[in-house]
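Note sheet for the following structure.
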Amino acid sequence: MATHHTKMLIIGSGPAGYSAAIYAARAMMEPIVVQGLQPGGQLTITTEVENYPGFRDVIQGPWLMEEMKAQAEHVGTRMMWDTIVSVDLENGPPFRAIGDSGDEYIGETLVIATGAQAKWLGAPGEQELGGKGVSACATCDGFFYRGKKVAVIGGGNTAVEEALYLTNHSDDVTLIHRRDELRAEKILQNRLFKSEKTNVLWNKTVKSFEAGEDGTLDHLVLEDTVTGETSTLEVDGAFVAIGHAPATELFKGKLAMDDAGYLDVEPGTPKTAIPGVFAAGDVADHTYRQAVTAAGMGCMAALDGEKFLAAREDTMEEAPQETAEAAE
Ligand code: NDP
């Protein structure tokens with residue numbers, strides 16, 4: 001078990017974490033990124049990315065994250081294969097965090113970039129049939145449903161993208177949405193409506209995921225949100241894509257957060273209420289939740305962290321003089 005010291009400890013390895021690392025490393029802060037359970041974050045489970053600036057052609061999410069990571073390492077970031085299991089923010093700076101490995105991380109500043117995770121419906125059968133027909137990642141599991149009937153639940157960008165992705169494998173993709181209007185961007189909606197492989201079931205929620213005799217998903221029980229009528233839909237695979245919840249469990253009772261669990265920051269900045277602790281990316285952003293905005297917040301956190309350290313060093317240098325003056 002080792003102890004690692006750094007001027008900037010970054011928890012999380014999505015666009016926010018890696019961008020903070022790139023800026024901090026270039027400011028000679030020798031940052032440490034503790035990557036967590038899903039190195040690279042949510043983009044590693046998406047397919048095509050066509051809205052991250054700088055690439056005229058469509059790029060792949062996992063590739064983009066590999067590049068960000070390589071860039072962060074290239075400029076001097078230390079990457080840790082570890083997951084933070086507890087943090088001490090009260091007695092800092094420096095702030096202390098303990099990893100799953102037992103290692104201790106001590107940061108003069110801390111950037112929380114733990115992102116968000118897929119939400120589940122909480123309907124009967126959903127968890128039991130996980131990996132047996134129910135999934136939250138079409139890119140990861142879509143291949144297993146080649147030529148089969150699949151459904152996607154949700155009406156946002158993720159749901160529509162997942163449905164479109166699944167048309168690579170299946171000719172029968174049903175999007176199930178609880179309202180009569182999608183939240184997804186118009187360009188994605190147009191692609192969905194144009195595809196001959198997709199159809200939409202409006203005003204429906206999934207009441208339960210039901211298994212067949214072989215123990216895998218057989219059908220969904222649906223309820224109409226307008227009439228209350230129930231119906232069934234036979235499917236081999238169901239992909240839940242109803243948004244994300246921020247990964248803030250570690251910080252409960254230590255940092256202020258909103259009702260949905262997103263960390264509170266000073267508006268327009270990544271500053272939390274604890275000086276020297278910053279939050280960047282999806283973990284503190286209920287509104288935009290884009291890779292590019294997360295990267296921007298990561299950059300802001302590193303710049304603010306650098307300023308925080310410089311101001312602290314100035315105060316420490318001035319302190320003895322002040323004491324001497326006070327004594328006179
Ligand atoms: P969103 O929060 O945007 O959408 C969630 C969807 O799931 C909504 O349609 C919502 O319905 C529905 N939903 C939520 N809870 C339930 C429930 N309990 N039962 C049934 N339906 C439910 O999440 P996304 O993951 O789609 O997107 C998150 C963010 O990431 C967004 O800002 C999005 O723009 C962005 N994103 C961007 C992409 C891109 O630009 N390429 C790709 C993927 C995501 P309702 O509409 O009724 O609220």
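Numbers for residues simply follow the sequence, beginning at 1. For ligands, and for the atoms within them, numbers begin at 1 and follow the listed sequence.
Counting heavy atoms closer than 4.0 Å to ligand 1, residue H244 contributes side-chain atoms (C-beta onward) but none from N, CA, C or O. Counting heavy atoms closer than 4.0 Å to ligand 1, residue V206 contributes nothing at all. When non-hydrogen atoms are compared, ligand 1 lies under 4.0 Å from the side chain of N51 (C-beta onward) but not from its backbone. When heavy-atom distances to ligand 1 are checked against a 4.0 Å cut-off, R179 comes that close only through its side chain, counted from C-beta outward.
Ranked by closest heavy atom to atom 7 (O) of ligand 1, the top entry among V49, D282, I242 is I242.
Distances from ligand 1 to the non-hydrogen atoms of T205 include no value under 4.0 Å. No heavy atom of E50 sits closer than 4.0 Å to any atom of ligand 1. Heavy atoms of Q290 come nearer than 4.0 angstrom to ligand 1 in at least one pair.
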Inset, instruction - Start with the C-alpha gap between F251 and V277, add the side-chain angles, then the distance that decides, and say whether side chain to side chain contact (heavy atoms under 4.5 Å, CB included) holds. - result: CA-CA 11 Å; F251 309 102; V277 177; over 6 Å; no
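Within the structure, ring pair (Phe, Tyr, Trp, His ring centres under 6.0 Å) pairs that include any residue of residues 270-292 comprise Y262-H286 (at least two apart or interchain).
For F144, the ring pair (Phe, Tyr, Trp, His ring centres under 6.0 Å) criterion is met by no residue, not counting sequence neighbours.
Looking at R78 and E73, no side-chain N of the basic residue comes within less than 4.0 Å of a carboxylate O on the acidic one, giving no salt bridge.
A centroid separation of less than 6.0 Å is found between the aromatic rings of F239 and Y145.
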